[in-house]
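Data first, discussion second: the structure below is written as structure tokens.
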Amino acid sequence: MSLGLPLMFIAVVLLFAARNPTNRYLDAFALAYKRLPKGREWLTSRDRDPEIERLRRIAVALRVGAFLLFLVGALLSVFRSR
């Protein structure tokens with residue numbers, strides 16, 4: 001069995017696990033600034049509030065990690081099947 005499929009499964013589970021920190025970040029951001037982050041603002045800009053910044057970093061790390069894990073799993077699945 002290829003290693004790619006389990007990696008892709010773990011990536012999907014990680015993506016579902018990232019919902020809680022992302023929701024906590026969005027709630028804290030909305031409470032502090034009375035709006036939600038626009039566009040890629042949540043991904044690219046740092047926040048001056050350390051608690052909001054900590055939540056943002058956790059959310060970004062989990063989502064980017066899940067994406068990279070899924071990408072590696074997909075590539076392993078494709079190249080192992082040849």
Side-chain angles (χ1 to χ4, degrees):
M1 184 167 113
S2 174
L3 183 63
L5 291 177
L7 284 178
M8 289 172 34
F9 178 76
I10 292 170
V12 170
V13 169
L14 188 62
L15 193 60
F16 278 107
R19 289 186 313 167
N20 186 29
T22 302
N23 288 338
R24 286 183 19 217
Y25 160 68
L26 290 174
D27 290 343
F29 190 93
L31 187 63
Y33 300 111
K34 309 295 187 247
R35 66 177 179 87
L36 290 176
K38 296 179 181 165
R40 286 183 271 170
E41 180 182 3
W42 71 276
L43 185 62
T44 58
S45 64
R46 296 182 59 153
D47 198 277
R48 61 182 177 262
D49 183 3
E51 181 63 23
I52 294 175
E53 177 62 18
R54 184 183 68 81
L55 291 170
R56 184 192 72 82
R57 284 184 182 205
I58 291 170
V60 168
L62 286 172
R63 292 191 177 271
V64 170
F67 172 74
L68 292 176
L69 198 59
F70 191 86
L71 183 66
V72 168
L75 289 174
L76 284 175
S77 292
V78 167
F79 290 119
R80 287 283 188 174
S81 65
R82 291 184 178 185

Pairwise side chain to side chain donor-acceptor pair (under 3.5 Å) hits with a residue in residues 58-68, at least two apart: Thr22-Arg63

Shortest non-hydrogen contact between Pro21 and Ile58, atoms and distance: CB-CG2, 3.7 Å

Leu36: side-chain contact (heavy atoms from CB on, under 4.5 Å) partners, not counting sequence neighbours: Leu26, Ala30

Smallest separation among heavy atoms of Phe70 and Ala11, with atom names: N-CB, 3.5 Å

Hydrophobic cluster membership, Leu43 vs Leu68, 4.5 Å side-chain cutoff: yes

Other cluster members, Leu15 - Ile/Leu/Val/Met/Phe/Trp/Tyr, side-chain contacts below 4.5 Å: none

side-chain hydrogen bond (donor to acceptor under 3.5 Å, both in side chains) partners of Glu41, counting only residues at least two apart: Arg35

Non-neighbouring partners of Val72 that pass side-chain contact (heavy atoms from CB on, under 4.5 Å), sequence neighbours left out: Leu7, Leu76

Over all atoms of both residues, closest heavy-atom pair of Ala28 and Leu55: CB-CD1, 4.1 Å

Shared hydrophobic cluster for Trp42 and Phe67 (ILVMFWY, side-chain gaps under 4.5 Å): yes

Partner residues of Arg19 under the salt bridge (Lys or Arg N to Asp or Glu O under 4.0 Å) criterion, sequence neighbours left out: none

With Arg54 via salt bridge (Lys or Arg N to Asp or Glu O under 4.0 Å) - residues at least two apart: Glu51

Rounded distance (nearest 0.5 Å) linking atom CG of Leu62 with atom CZ of Arg57: 14.0 Å

Any residue meeting side-chain contact (heavy atoms from CB on, under 4.5 Å) with Ile10, in chain and number order, not counting sequence neighbours: Leu69

From CD (Glu53) to CZ (Phe29), nearest 0.5 Å: 11.0 Å

Results of salt bridge (Lys or Arg N to Asp or Glu O under 4.0 Å) for Arg40 - residues two or more places apart only: none

Distance, nearest 0.5 Å, that separates CG of Leu75 from CE of Met8: 10.0 Å

Pairs satisfying side chain to side chain donor-acceptor pair (under 3.5 Å), at least one member in residues 23-33, at least two apart: Tyr33-Asp47

